[in-house]
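Chain letters run A, B, ... following the sequence lines, proteins first, then strands; residues in each count from 1. Everything numeric here is computed off the predicted structure, so don't read it as measured data.
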There are 2 protein chains.
Amino acid sequence: MAEPSARERIVDAAFELFAERGYDATTVEDIAARAGVGRTTFFRQFRSKEHVVFPDHEQLLTAIAARLATATPRTAVVGVSEAAGLVLQHYLDEGERARRRYRLTRTVPALQERERAGIRQYERTFTRHIHGWLGGTPESLLRAELIANAVVTGHNHVLRAWLRGHLATAGEARRAFRAAMAEVESHVDLPGREGAAADPLPAVLVVRDAADLDRLLPQIRDLLA
Amino acid sequence: MAEPSARERIVDAAFELFAERGYDATTVEDIAARAGVGRTTFFRQFRSKEHVVFPDHEQLLTAIAARLATATPRTAVVGVSEAAGLVLQHYLDEGERARRRYRLTRTVPALQERERAGIRQYERTFTRHIHGWLGGTPESLLRAELIANAVVTGHNHVLRAWLRGHLATAGEARRAFRAAMAEVESHVDLPGREGAAADPLPAVLVVRDAADLDRLLPQIRDLLA
DNA sequence: GCGATCACGGTACTGGGTACCGTCTAGGCT
DNA sequence: AGCCTAGACGGTACCCAGTACCGTGATCGC
């Protein structure tokens, strides 16, 4: 009859008890007892009491890395967007449990920090791949970090709206996600835009008045020749 | 003879012991004993063993908030840059202790997370003020978050370079900081650019070849008149 | 000089996390 | 079948961070 694994029983027991008594008032021994396992087994499955709240984090992280690994500089935009979309979709699939976790983490500072630590791992994964696409030079590292942070921030912004119920359906959430990714892309210069590889990016000139224009015009014509 | 305060003695004792035996092998009782105080007093001064590693964090956070509070949308760019500069300058003033802390946090995961939590507080402070300058509307929140994250990322990038010794002098660090802030500003649209309030921002023209230029030149002259 | 306040140190307790050990079970080999 | 190894499990004992509480001594205002 497909007995749920010990790991799943622990997660279920933990979420039940956290809902009943709150996070702090629940001990690991309580969770283990309800799940029908020893306290030792709990810590074999989860590194800490906090980790049981984010049971799929590790798996999600490897999924992101796998998606990013298949992208190239030419397909960076869609690769990054899809990798972030994997996370969003996972939460949408989780449904009510994701929202319960959100309400729980909002009230428990320790869990907020744990969540941030997880997000940080996402950022580092994105940074690593984007940095690679940018050539891996020290000068491009800051740009890679800026882009990675922007992508993760955009994703989290939409996810948070959905978790709070501001976006009712999964379809709405995905639409908002596409909009957020578009806004993020408009703020950062990710490789892989149309034509970006074909001709070099134009330089930017700031022309304040007609005198500026007349002064610069010869050099402009020269560059365009 | 200006006896050092109990708080300072605790910080000094902690850094000494962490250097001698490492973070994990040092207990709070050890620190308190060397500082000549009771274990209770340690926890009155610092919320946790981790907090003693970042003793000036709270003070720094209020300094940032104070600087940002004096800025307006017109002075946003310089306000944000200076607020971030306060943090950099604090680390530069700290000198060798900052570098010791950096080496310590790099080897202790718990301290890395504590540091990230502190950085997160910076981000939230920046976000709150920038969001206010943008009108405080829900639509402008994502932009505010993107800008705040970019500023903090740029700052951290330079700070990390200095901590690692890639930037030898404080002057070099400040110069790199100005460059990083310029790059950040080029990626995000912060209110308060020169002339932004006086005359509207110039439109951006993409001129790919001489034919483009000739075609657009009359309109450009017209706009500048 | 005298009571109120407060910072301090000491004690006792809870609970997360680790180390270790004995046991039970699931296979692989002869 | 019988043996043997590996691995998962539960139990016990321990360490230490963090909290609650209490008694005490110093400092200040009246």
Rounded distance (Å) that lies between atom [atom2] of [N] and atom [atom1] of [X]:
{"X": "His51(A)", "N": "dG16(C)", "atom1": "NE2", "atom2": "P", "result": "15 Å"}
{"X": "Phe46(B)", "N": "dA17(D)", "atom1": "CZ", "atom2": "P", "result": "15 Å"}
{"X": "Arg47(B)", "N": "dG18(D)", "atom1": "CZ", "atom2": "P", "result": "11 Å"}
{"X": "Lys49(B)", "N": "dC16(D)", "atom1": "NZ", "atom2": "C1'", "result": "8 Å"}
{"X": "Phe43(B)", "N": "dT11(C)", "atom1": "CZ", "atom2": "C1'", "result": "15 Å"}
{"X": "Glu113(B)", "N": "dA17(D)", "atom1": "CD", "atom2": "P", "result": "17 Å"}
{"X": "Leu111(B)", "N": "dA17(D)", "atom1": "CG", "atom2": "C1'", "result": "14 Å"}
{"X": "Gln45(B)", "N": "dC6(C)", "atom1": "CD", "atom2": "C1'", "result": "14 Å"}

How would you list, by chain and number, every residue that makes a salt bridge (Lys or Arg N to Asp or Glu O under 4.0 Å) with [X], sequence neighbours excluded?
{"X": "Arg116(B)", "answer": "none"}
{"X": "Asp56(A)", "answer": "none"}
{"X": "Arg7(B)", "answer": "none"}
{"X": "Glu20(B)", "answer": "Arg34(B)"}

Exercise for the section: Can you tell me which residue pairs pass the side chain to side chain donor-acceptor pair (under 3.5 Å) test with a partner in residues 159-172 of chain B, sequence neighbours excluded? Expected result: Glu145(A)-Arg160(B), Tyr102(B)-Arg164(B)

Protein-nucleic acid N or O pairs under 3.5 Å, nucleotides 10-14 of chain D:
unit_1	atom_1	unit_2	atom_2	d
dG10(D)	OP1	Gly38(A)	N	3.3
dG10(D)	OP2	Gly38(A)	N	2.9
dG10(D)	OP2	Thr41(A)	OG1	2.0
dG10(D)	N7	Arg44(A)	NH2	2.9
dG11(D)	N7	Thr40(A)	OG1	3.0
dG11(D)	O6	Thr40(A)	OG1	3.0

Exercise for the section: Could you tell me if the ring centre of Tyr122(A) sits under 6.0 Å from that of His57(A)? Expected result: yes

Practice task
Using heavy atoms and a sub-4.0 Å distance, could you list which residues of residues 22-34 of chain A are near DNA chain C? By number, please.
Solution key: Thr26(A), Thr27(A), Val28(A)

Practice task
Tell me yes or no: between the side chains of Asp30(B) and Thr27(B), is some donor less than 3.5 Å from an acceptor?
Solution key: yes

Practice task
Using the salt bridge (charged side-chain N to carboxylate O under 4.0 Å, His left out) rule, collect all pairs that involve residues 122-131 of chain B, keeping only residues at least two apart or in two chains.
Solution key: Arg120(B)-Glu123(B)

Kindly list each side-chain donor-acceptor pair under 3.5 angstrom involving residues 78-88 of chain B, sequence neighbours excluded, with atom names and distances?
unit_1	atom_1	unit_2	atom_2	d
Glu82(B)	OE1	Arg67(B)	NE	3.0
Glu82(B)	OE1	Arg67(B)	NH2	3.2

